[in-house]
Amino acid sequence: MHDNVGFIGLGVMGRPMALRLAAARTPLVVWNRTPHRAEPLRAAGAAVAADADEVFARAGTVLLMLADEAAVDTVLGRGTPALTSRVSGRVVVHMGTTSPEYSRALESDVRAAGGRYVEAPVSGSRVPAEQGQLVAMLAGEEAAVAAVRPLLAPLCRKTFVCGPAPSALLMKLAVNLFLITQVTGLTEAFHFAERQGLDRRLFLDVLEAGPMASDVSRMKAPKLLDGDYGVQAAALDVLKNNRLIAEAAREARLASPLLDVCHALFQETVAQGHGGEDMVAVLHAIEKRTAEAS
């Protein structure tokens, strides 16, 4: 089997992750649907494939950091004879965020086609990806997970083995529930302080000095202060994650009251045209509600 590692999906998260692997001298073969996004990888020494087929032909383990289920199915050739030719004898590592039910079915199809399957979603946004400070959650067959875990060392400060799939994705959704409600709460608190006439910077300094300070608040507070909506985690992606968590909660007959409020706010944020901005753009939805209540 080939010693190369494949990486498909060079978006906001995927490109810095792949660059970390290249910097660690991982023998890397990459491909992205939009070719120009692969150029920094070429400059970093990675081989750039002409298409997904070439990645699978040259790599024994292929990491997928793709936007959604449809993109994963297309890359793998799922539902077509191409699936077997691509994944047979290889380890497929699904690093994106999809529904747990989808991942369970995908694992079954990959294994039936002669491949091995590992879930490895990560917690963190673009900046932690650039710094190699992501947290990975792994699930799948024990031997496959053990083989993949060392490959992720250049990307992650911690990796956790969660058991069989889809345990890793369920863990990721639980973590994201806290993240979404935390950032939305911070944004609403910032809005409250500002509209009460408080010094915004002083408010954030008080927050930083107290027990509510966190890596998340330290990353998002300056963005709120500066009106900086450059993407670390896009509002549209947050809305997708929110939907996945809500669906998993409904399936398990679980209440998710805070999440449901956030879901509505992020729907409003995206509808206002801010889906491509960072998740702190939820401030726009909160401001609009304030204006409508006045």
Does a salt bridge link Glu107 with Arg104, judged by any charged N lying under 4.0 Å from a carboxylate O? no
Under a 3.5 Å cutoff, is there a donor and acceptor pairing between the side chains of Tyr102 and Asp68? no
Apply the test salt bridge (Lys or Arg N to Asp or Glu O under 4.0 Å) to residues Glu292 and Arg289: give CA-CA distance (whole Å), side-chain angles for both, the deciding distance (0.1 Å), then the verdict. CA-CA 5 Å; Glu292 290 171 349; Arg289 288 196 185 194; over 6 Å; no
Between Arg126 and Asp278, is there a side-chain N and carboxylate O pair less than 4.0 Å apart? no
To the nearest 0.5 Å, what is the distance between OH (Tyr117) and NE2 (His94)? 4.5 Å
Using side-chain contact (heavy atoms from CB on, under 4.5 Å) as the criterion, list what pairs up with Phe192, not counting sequence neighbours. Gln196
Would you say the side chain of Met95 lies within less than 4.5 Å of the side chain of Met13, judging by non-hydrogen atoms? no
Using modelled atom types and a 3.5 Å cut-off, is there a donor and acceptor pairing between side-chain atoms of Asn4 and backbone atoms of Arg58? yes
For Thr80, enumerate each residue passing the side-chain contact (heavy atoms from CB on, under 4.5 Å) test, keeping only those at least two apart in sequence or located in another chain. Ala82
Are Val238 and Val280 connected in a single hydrophobic cluster, I mean Ile/Leu/Val/Met/Phe/Trp/Tyr linked by side-chain heavy atoms less than 4.5 Å apart? yes
Can you name the residues that form a salt bridge (charged side-chain N to carboxylate O under 4.0 Å, His left out) with Asp51, not counting sequence neighbours? none
Under the salt bridge (charged side-chain N to carboxylate O under 4.0 Å, His left out) test, residues paired with Asp205 that sit two or more places apart: none
Once rounded to the nearest 0.5 Å, what's the spacing between atom CG of Leu179 and atom CG of Asn241? 8.5 Å
How far apart are the closest heavy atoms of Ala246 and Leu259, and which atoms are they? N-CD2, 3.6 Å
Taking only Lys NZ, Arg NE, NH1 and NH2, and the carboxylate oxygens of Asp or Glu, determine whether Asp237 and Lys240 approach each other closer than 4.0 Å. no
Side-chain heavy atoms nearer than 4.5 Å, only ILVMFWY residues, links allowed to pass through others: does that put Leu186 and Leu283 together? yes
Under the 3.5 angstrom rule, does the side chain of Arg111 hit a backbone N or O of Gly115 as a donor-acceptor pair? no
Short question: side chain of Arg37, backbone of Asn32 - any donor-acceptor pair under 3.5 Å? no
To the nearest 0.5 Å, what is the distance between CD1 on Ile245 and SG on Cys262? 9.5 Å
Are any side-chain N or O atoms of Glu69 and backbone N or O atoms of Ser99, one a donor and one an acceptor, separated by less than 3.5 Å? yes
Say whether Phe266 and Leu244 are linked into one hydrophobic cluster, either directly or through other cluster members, by side-chain heavy-atom distances under 4.5 angstrom. yes
Hydrophobic cluster membership, Val135 vs Val127, 4.5 Å side-chain cutoff: no
Pairwise side-chain contact, Phe190 with Lys220, heavy-atom cut-off 4.5 Å (strictly under): no
When you look at Leu239 and His263, which way does the side-chain contact (heavy atoms from CB on, under 4.5 Å) test go after all the steps? CA-CA 7 Å; Leu239 179 59; His263 197 175; 3.3 Å; yes
Please report the C-alpha distance between Arg250 and Glu247 in whole Å, then the side-chain angles of each, then the deciding distance to 0.1 Å, and finally whether the side-chain contact (heavy atoms from CB on, under 4.5 Å) criterion is met. CA-CA 5 Å; Arg250 298 297 88 80; Glu247 289 173 353; 5.8 Å; no
If I take atom CG from residue Leu224 and atom OH from residue Tyr229, how far apart are they, to the nearest 0.5 angstrom? 7.0 Å
Is any side-chain heavy atom of Met279 closer than 4.5 Å to one of Ser125? no
Atom pairs and distances, side-chain donor-acceptor, residues 15-29, under 3.5 Å, sequence neighbours left out:
{"from": "Arg20", "atom 1": "NE", "to": "Pro154", "atom 2": "O", "distance (Å)": "3.0"}
{"from": "Arg20", "atom 1": "NH2", "to": "Pro154", "atom 2": "O", "distance (Å)": "3.3"}
{"from": "Thr26", "atom 1": "OG1", "to": "Leu21", "atom 2": "O", "distance (Å)": "3.1"}

Min side-chain heavy-atom separation Phe56-Ile8 under 4.5 Å: yes
Correct closest heavy-atom pair for Met65 and Gly96 would be SD-N, 4.1 Å
Look at the side chain of Arg90 and the backbone N and O of Ser88, then say whether any donor-acceptor pair between them is shorter than 3.5 Å. yes
Looking only at heavy atoms, what is the nearest atom pair of Leu66 and Gly9, with distance? CD2-CA, 3.9 Å
Compare all side-chain heavy atoms of Leu155 with those of Leu152 and state whether any distance is below 4.5 angstrom. yes
Return yes when atom CZ of Arg218 has more than 12 non-hydrogen atoms of other residues, nucleotides or ligands closer than 6.0 Å, and no otherwise. yes
Locate the shortest heavy-atom distance separating Ala168 from Leu138; write the atom from each residue and the value. CB-C, 3.8 Å
Answer yes or no: is there a side-chain heavy-atom contact under 4.5 Å between Arg201 and Leu225? yes
How about Ser103 and Pro100: do any of their side-chain heavy atoms sit closer than 4.5 Å? no
Heavy atoms only: give me the nearest Ala38-Val30 pair and the separation to one decimal. CB-CG2, 4.4 Å
Student check: side-chain heavy atoms of Thr187 and Leu265 closer than 4.5 Å: no
Could you tell me whether Glu188 atom CD has more than 12 heavy atoms of other residues or ligands within 6.0 Å of it? no
Is Val93 reachable from Val62 through a run of hydrophobic residues whose side-chain heavy atoms are each under 4.5 Å from the next? no
Heavy atoms only: give me the nearest Val110-Val87 pair and the separation to one decimal. O-CG2, 4.1 Å
Sub-3.5 Å donor-acceptor pair from the side chain of Ser217 to the main-chain atoms of Ala213, do we have one? no
Considering residues at least two apart in sequence or located in another chain, which fulfil the salt bridge (charged side-chain N to carboxylate O under 4.0 Å, His left out) criterion with Asp109? Arg78
May I ask you to say whether Lys172 pairs ionically with Glu119, meaning some side-chain N is under 4.0 Å from a carboxylate O? no
Any donor-acceptor pair under 3.5 Å linking the side-chain atoms of Thr290 with those of His191? yes
Nearest-0.5 Å distance that lies between atom CG in Leu10 and atom OG1 in Thr34: 9.5 Å
Output the distance between atom CD (Gln272) and atom NZ (Lys288), rounded to the nearest 0.5 Å. 5.0 Å
